[in-house]
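One is the number of the first residue; the rest follow in order along the sequence.
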Amino acid sequence: MSGRKISFVHCADLHLDSPFSGLSDISPSLGAFLRKATFRAFENAVTFALKKGADFFVVSGDVYDSENRSVRAQVFFLEQLRRLSGGGIPSFIAAGNHDPLSGWEADRDFPPLAFRFGPGVESVPLLLGGERAGTVHGFSYPVREVEENMALRFSGGKGEGVNIALLHCNVGGRKGHENYAPCSLDDLRAAGMDYWALGHVHGAEVLCRDPLVVYPGTIQGRNIRETGEKGVFSVTLFPGEPGCAEFIPCDVVRWRSEDISIDGMERDEEFFQAVSDLKETVRRENGGLPALLRLSVSGRGKIHGLLRRPGFLRGPGGLLETMNEGEEDRPDFVFTEEISGVTLPPLDLDSLAGGSHFAGDFLKEVRAFRQRGDLREGLKDILRKRGILDRIQSRDVLEVIDSLSDEDTELLLDRGTWSALSGLLEGIDGV
């Protein structure tokens, strides 16, 4: 490495102008706010770099949400690069699978200090203060699907000073992400870089400390699978010492997935108070940042009857509308985009499972399925045995199945169990 400390900002997966999926029937004002969210998040990242006085700025792929980039997204991105260039901060950009070089793009000039890598691995000098401080390496997807291990092409290219490498890739075959430019952590280490600026995986993660191998994640969560704070990494590299990567939130709205259990609740008042308390907890924990909330209600108890009333959860004037009343007028809004209820009446399932009837036999099978562990793989095994998995053509559907959390799978099992049990209980005395 060179003899001076170097600092830069690393971001990826901007997905500018990406629609917020999973939202319906929202107000015009809230819809307008959400359409600008990805833009404002990237603007926050650029503002941070300018205020910090970063030496340079890197974007590791998926600037846009699709090959047919919107005009608005293109104009905005160039405006932000000009802000960096005007502040004396060079920027380096690598295209990913959502914004490959083959996609449509207006024929416009990048600002003088901005450089986008081409379809082959390139190495360019990092000039800071007129002096050579290091080398930046990168690769842009020429087309959407790149299945070659591109990390291997970085080997032997180490240059003078600090070496930074940009690559949009899937390290270790991570589930829930297309396996583009697949590679291993050992492949990255072998290239001899000081910092790997990765993109593609939407969760922030430091894969390795020496050398630093980092996924910053998406800059703004856009659906319920992208919960929590999103942003960039502020990186500092020291001569002869391990580097430092600090996560900096830049998002403008956050997704939250929360659950209320009706276990032990005796009165409707307890449920309404729990809903109110949850909203205020989310508001407080978000520190003034607005939130998009997905609420699930679970458990077994007397409140089950309340939730089963027609239209109670999502009907006109129901709980969903009531929770959102007045929220769009607040800068720290907590907007509930969906409510689901998977609750049970106060049954003694242990006794029911011991019964000599079909419902008891069914519950025994459910318990045996749970005890086998890894419910997600169990679900896929059921789909595979019935030939359903092989008939699924959409990659998106397969990604959703692979990305199911243990909590998601438990919820699906609970829904299926109760749905089946509701029919089986008919005709059984005393339940």
**OP:** Kindly indicate, with the supporting measurements, whether the criterion side-chain hydrogen bond (donor to acceptor under 3.5 Å, both in side chains) is fulfilled by E328 and N324.
**Re:** CA-CA 8 Å; E328 64 187 83; N324 289 332; over 6 Å; no
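- L113 places none of its side-chain heavy atoms less than 4.5 Å from the side chain of I89.
- The two residues H168 and G61 make their nearest non-hydrogen contact at ND1-CA, 3.6 Å.
- Counting non-hydrogen atoms of neighbouring residues, nucleotides and ligands closer than 6.0 angstrom, the CD atom of E280 exceeds 12 such neighbours.
- Side-chain contact between F233 and C244 is absent, with no heavy atoms from C-beta onward closer than 4.5 Å.
- Residue-environment remark: CZ (R209) stays at or below the threshold of 12 foreign heavy atoms within 6.0 Å.
- Separation of atoms CD (E145) and CD (E178) is listed at 7.5 Å; rounding is to 0.5 Å.
- Put simply, the side chain of K230 never gets that close to the backbone of R222: no donor and acceptor are under 3.5 Å apart.
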**OP:** Take F39 and L14 through the side chain to side chain contact (heavy atoms under 4.5 Å, CB included) test and state the conclusion after the steps.
**Re:** CA-CA 8 Å; F39 295 95; L14 313 181; over 6 Å; no
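- Rounded to the nearest 0.5 angstrom, L166 CG and S140 OG are separated by 9.0 Å.
- Residues L127 and R132 share a closest heavy-atom pair of CD2-CA, 3.8 Å.
- Between D99 and R116, none of the side-chain N atoms (NZ, or NE/NH1/NH2) sits under 4.0 Å from a carboxylate O, so this pair counts as no salt bridge.
- Taken to the nearest 0.5 Å, the CZ atom of F8 stands 9.5 Å off from the CG atom of D55.
- The only member of H177, E67, H200 that meets side chain to side chain donor-acceptor pair (under 3.5 Å) when paired with N97 is H200.
- Side chain of R69 to main chain of W104: a donor-acceptor pair is present (N/O by atom type, distance under 3.5 Å, no hydrogens or angles).
- Taking 4.5 Å as the limit, some side-chain heavy atom of Q220 sits within range of a side-chain heavy atom of V252.
- A heavy-atom distance below 4.5 Å is not found between the side chains of Q74 and L78.
- A heavy-atom distance below 4.5 Å is found between the side chains of L81 and I93.
- With D210 contributing its side chain and C208 its backbone, the two residues share no donor-acceptor pair below 3.5 Å.
- Although no hydrogens or angles enter the test, the distance criterion places no donor-acceptor pair under 3.5 Å between the side chain of H98 and the main chain of D62.
- Between F20 and W255, the angle of the ring planes stays under 30°, which puts this pair in the parallel group of the 30/60° scheme.
- At least one side-chain heavy atom of M265 sits under 4.5 Å from a side-chain heavy atom of I260.
- The number of heavy atoms from other shown groups lying within 6.0 Å of CZ (R174) is above 12.
- For the pair D263 (side chain) and R300 (backbone), a donor-acceptor distance under 3.5 Å is present.
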Original post:
Run the salt bridge (Lys or Arg N to Asp or Glu O under 4.0 Å) check on E327 and R283 step by step: do they pass?
Top reply: CA-CA 11 Å; E327 287 294 334; R283 204 185 311 275; 2.9 Å; yes
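- Crowding of E131 atom CD: a count of heavy atoms from other residues, nucleotides or ligands under 6.0 Å not exceeding 12.
- With hydrogens and angles disregarded, a donor-acceptor distance shorter than 3.5 Å links the side chain of K279 to the backbone of M323.
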**OP:** Quick one: do S340 and R294 satisfy side-chain hydrogen bond (donor to acceptor under 3.5 Å, both in side chains)? Show the steps, please.
**Re:** CA-CA 8 Å; S340 61; R294 180 169 293 189; over 6 Å; no
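- Heavy atoms only, all atoms of each residue included: N44 and C250 are closest at ND2-O, 2.9 Å.
- The two residues P216 and C11 come nearest to each other via the heavy atoms CG-C, 3.8 Å.
- In this structure, T343 contributes its side chain and G299 its backbone to no donor-acceptor pair below 3.5 Å.
- In this structure, the side chains of T322 and E325 stay at 4.5 Å or more apart for every pair of heavy atoms.
- Shown are F92, F247, Y195, W196; of these, the ring pair (Phe, Tyr, Trp, His ring centres under 6.0 Å) with H10 is made only by Y195.
- Inter-residue side-chain proximity for Q80 and F42 is flagged as met; some heavy-atom pair is nearer than 4.5 Å.
- Between A49 and V9 the shortest heavy-atom distance is CB-CG2, 3.8 Å.
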Original post:
Run the side chain to side chain contact (heavy atoms under 4.5 Å, CB included) check on I262 and V297 step by step: do they pass?
Top reply: CA-CA 7 Å; I262 65 170; V297 185; 3.7 Å; yes
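- With D251 contributing its side chain and G231 its backbone, the two residues share no donor-acceptor pair below 3.5 Å.
- A donor-acceptor distance shorter than 3.5 angstrom exists from the side chain of S184 to the backbone of D187, with no hydrogens or angles considered.
- The CE atom of M193 sits 7.5 Å away from the OG atom of S155 when rounded to the nearest 0.5 Å.
- F333 and F335 have perpendicular rings, their planes meeting at more than 60° on a 0 to 90° scale where under 30° would count as parallel.
- With rounding to the nearest 0.5 angstrom, the CG atom of L237 is 11.0 Å from the CZ atom of R4.
- T218 places a side-chain N or O within donor-acceptor distance of the main-chain N or O of D13, the cut-off being under 3.5 Å.
- Contact detail for G243 and L212: the closest heavy-atom pair is C-CD1, 3.5 Å.
- Taking OG1 of T135 as the start and CG of L126 as the end, the distance is 7.5 Å to the nearest 0.5 Å.
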